[in-house]
Amino acid sequence: MMSLSTLLLQIAVIIICSRAIGLLFRRIGQPQVVGEMAAGIVLGPSVLGALAPELSASLFPAASLGPLNALSQVGLIAFMFLVGLELDPRQMRGRGHTAVLTSHVSIVVPFCLGTVLALFLYPRLSDDSVTFTNFALFIGTAMSITAFPVLARILTERQLLRHPVGAVALASAAVDDVTAWCILAAVVAAVRASEAVLPLWVTIGGSVLYVGLMLLVARPALSILERRFRAAGRVTQDLLGVTLLLVLASAWTTEHLGIHALFGAFMVGAILPREPGFVHAVTERVEDLVVVLLLPLFFAFSGLRTSIALVDGPAAWLMTALIIVVAVAGKFGGSMVAARAGGMRWREAGAIGALMNTRGLMELVVLNIGLDIGVISPALFTMMVLMALVTTLMARPLLELIYPARQFAQETPGASAAGLTPAPAATGPA
Amino acid sequence: MKTIVTYTLMVGVPLAGVGAALRAGRTLEAPPAIGGAWTPTAAPDVSACPALARLGGLRDVWIAQSGAALTLVLRGKQGSTRLTGGLEPDTPGAVVRSVRAAGDGLTLRASVPGSRASDSMRVSLEGADCAGTTAFSAFRVQAPSAGRGEARR
């Protein structure tokens, strides 16, 4: 058994590394979340484990990973609740066929390329305990992910939220996230059904019933939270307690249905009342603890599972490069062509492609689920983590290259001088 | 009309591509799964092999698998050691799969009967400072999917 002092020491080291490397990345104009993802890898076998194996073994003994994982999962549940909370179905309304086309194409094209790539990867990086269908659907889903929260922050910083580029990107990313999570829930259910954890009909029937109850019963009933908020003028501790209990109950339900706890947390966030003051206040109360304390634990835990040594030899590195090329071609290329076909100029369409290609933490969440349920192998996990890092790293420079802030300001008289230079990177979840 | 054609082309064709890829993949074969924790049926005699004796005996062998590549962790009461290797190239019609891994002065050879979901394995371990071969049988106590991402063990 590990001691509490080991856990406390681990948390302290993780927070220090995460904040320090995150700050470093902000200095070079990158989102802090990329630095935090990198910090996780630094603490894992790829860097600390390779340079100082004894220190690594004493700081992160195998027996200590269970409690660390449990804490990081609680953080993820809270994070997915926040992601759901940030989504607003109204973002899709009135965006016209460009948004509809872009959102659908930005899912199906990377998904298609992902399943084609799976034909190459399956015999090389998987084993026969995983069916090709589950493997391919998972790779397709992982390729389709967009980091909605980091995209929203880039748009805010660049004052692009009300610009057609921002509006279409935001609407498309919202649709992408919901769709990807639904597909992922189906893949998780299929894998667990094949392991005979739960009969498939129970998972499917239960999930349909659960979603129906959440949309038709829980959502109208939750307006009581909004009324309480208005009456009190703030989010009281009781109100926050009830909200968090709802998140936990929903996460518990979806976990037992076989479609993963994170889907339930996301669902509660998505159906909560959309009164801006309420959403803002709840986010503010939950976000800091999640972003500063719990998410870095998840990054560290992911980093401990990421061993770059597994990408061994030129063939493995070529496979990693292929994964990155396919990911970028599908998401960046697909979104750009769709936006262009929807009537946008090439420059605007390219900017949408660059934004949609951001995968961030959302990709890491999906990959960890894939590793947990055994759909992807440790080596493929590492390759996909590198892909997530690269696509998130390239978002900001690519956007600046395609649609420089200075040019945007010239073309959009309403944009303030603040929009001329990229603002400091986001500190929130991504 | 143009919108419908564009939508059908840009969404319908990739969807058809997904269907085609899933159909094409049904005939693909991946290497047999041997990942997970394998426990010796009886505690092997490690007295002739100092590298194993230093571990405090051999409690189990943890295998993390990525395709044909394997990372094996030999775990004892007092420590563990890591070997890397892989499944040997397929012999047509073979009913036994071979594993070879090395590291830390040790070489492990194992044979896994059958091509799918085998739960028993015959293992032999040799080392530069070992007097002879340490041989034992092991059986799988943890499913392959549970072996994912556990290379640190």
Side-chain angles (χ1 to χ4, degrees), chain A residues 44-45 49 60 62 65 97 100-101 104-105 107-119 121-133 135-137 140 191 195 304-307 309-310 312 316 334 337-338 341-342 368 370-382, chain B residues 2-36 62-71 73 75 79-80 82 84 86-87 90 97 115-118 143-153:
Chain A
F60 297 106
L65 299 187
H97 76 279
V100 174
L101 185 67
H104 291 178
V105 172
I107 296 167
V108 295
V109 171
F111 197 96
C112 172
L113 293 184
T115 52
V116 173
L117 179 67
L119 291 169
L121 297 177
Y122 181 69
R124 289 164 181 83
L125 291 170
S126 190
D127 59 58
D128 67 4
S129 68
V130 183
T131 66
F132 174 77
T133 304
F135 180 81
L137 290 178
V191 171
E195 289 172 357
L304 288 168
R305 310 171 97 183
T306 307
S307 177
L310 291 175
D312 188 20
V337 172
N368 273 280
L371 190 63
D372 284 338
I373 61 173
V375 180
I376 55 171
S377 60
L380 183 54
F381 173 80
T382 300
Chain B
K2 188 189 164 195
T3 309
I4 295 170
V5 172
T6 309
Y7 187 88
T8 309
L9 209 67
M10 297 190 77
V11 176
V13 171
L15 274 181
V18 172
L22 292 180
R23 261 197 309 279
R26 276 189 296 201
T27 55
L28 284 178
E29 280 186 24
I34 66 159
W62 183 271
I63 302 179
Q65 181 174 10
S66 298
L70 305 172
T71 303
V73 183
R75 302 190 291 194
S80 61
R82 181 181 300 252
T84 54
L87 287 162
D90 217 357
R97 306 298 294 243
S115 60
R116 193 178 167 83
S118 301
S145 60
R148 305 288 192 225
E150 300 288 347
R152 278 185 59 80
R153 284 177 183 235

[atom1] of [X] to [atom2] of [Y]: how many Å apart, nearest 0.5 Å?
X      : Y      : atom1 : atom2 : answer
B:L28  : A:T131 : CG    : OG1   : 11.5 Å
A:C112 : B:L22  : SG    : CG    : 9.5 Å
A:S126 : B:E29  : OG    : CD    : 12.5 Å
A:L125 : B:Q65  : CG    : CD    : 11.0 Å

Looking at A:V109 and B:M10, what are the two nearest heavy atoms and their distance?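 The pair with the smallest heavy-atom distance is CG2-O, 4.2 Å.
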Tell me the closest heavy-atom pair linking A:L119 and B:A21, and the distance in Å.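 Closest heavy-atom pair between A:L119 and B:A21: CD2-O, 3.6 Å.
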Under a 4.5 Å heavy-atom cut-off, does chain B meet the side chain of A:F381, its backbone, both or neither?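 Neither part; nothing is under 4.5 Å.
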Residue pair B:V18, A:V108: steps toward the side chain to side chain contact (heavy atoms under 4.5 Å, CB included) verdict: CA-CA 8 Å; B:V18 172; A:V108 295; over 6 Å; no
Would a 4.5 Å heavy-atom cut-off, applied to side chains only, mark B:Y7 and A:V105 as touching?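 Side chain of B:Y7 against side chain of A:V105, heavy atoms only: no contact under 4.5 Å found.
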Of the backbone (N, CA, C, O) and the side chain (C-beta and beyond), which part of B:A68 lies under 4.5 Å from a heavy atom of chain A, both, or neither?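 The backbone, not the side chain.
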A:D127 side chain vs B:P31 backbone, donor-acceptor pair below 3.5 Å: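 No.
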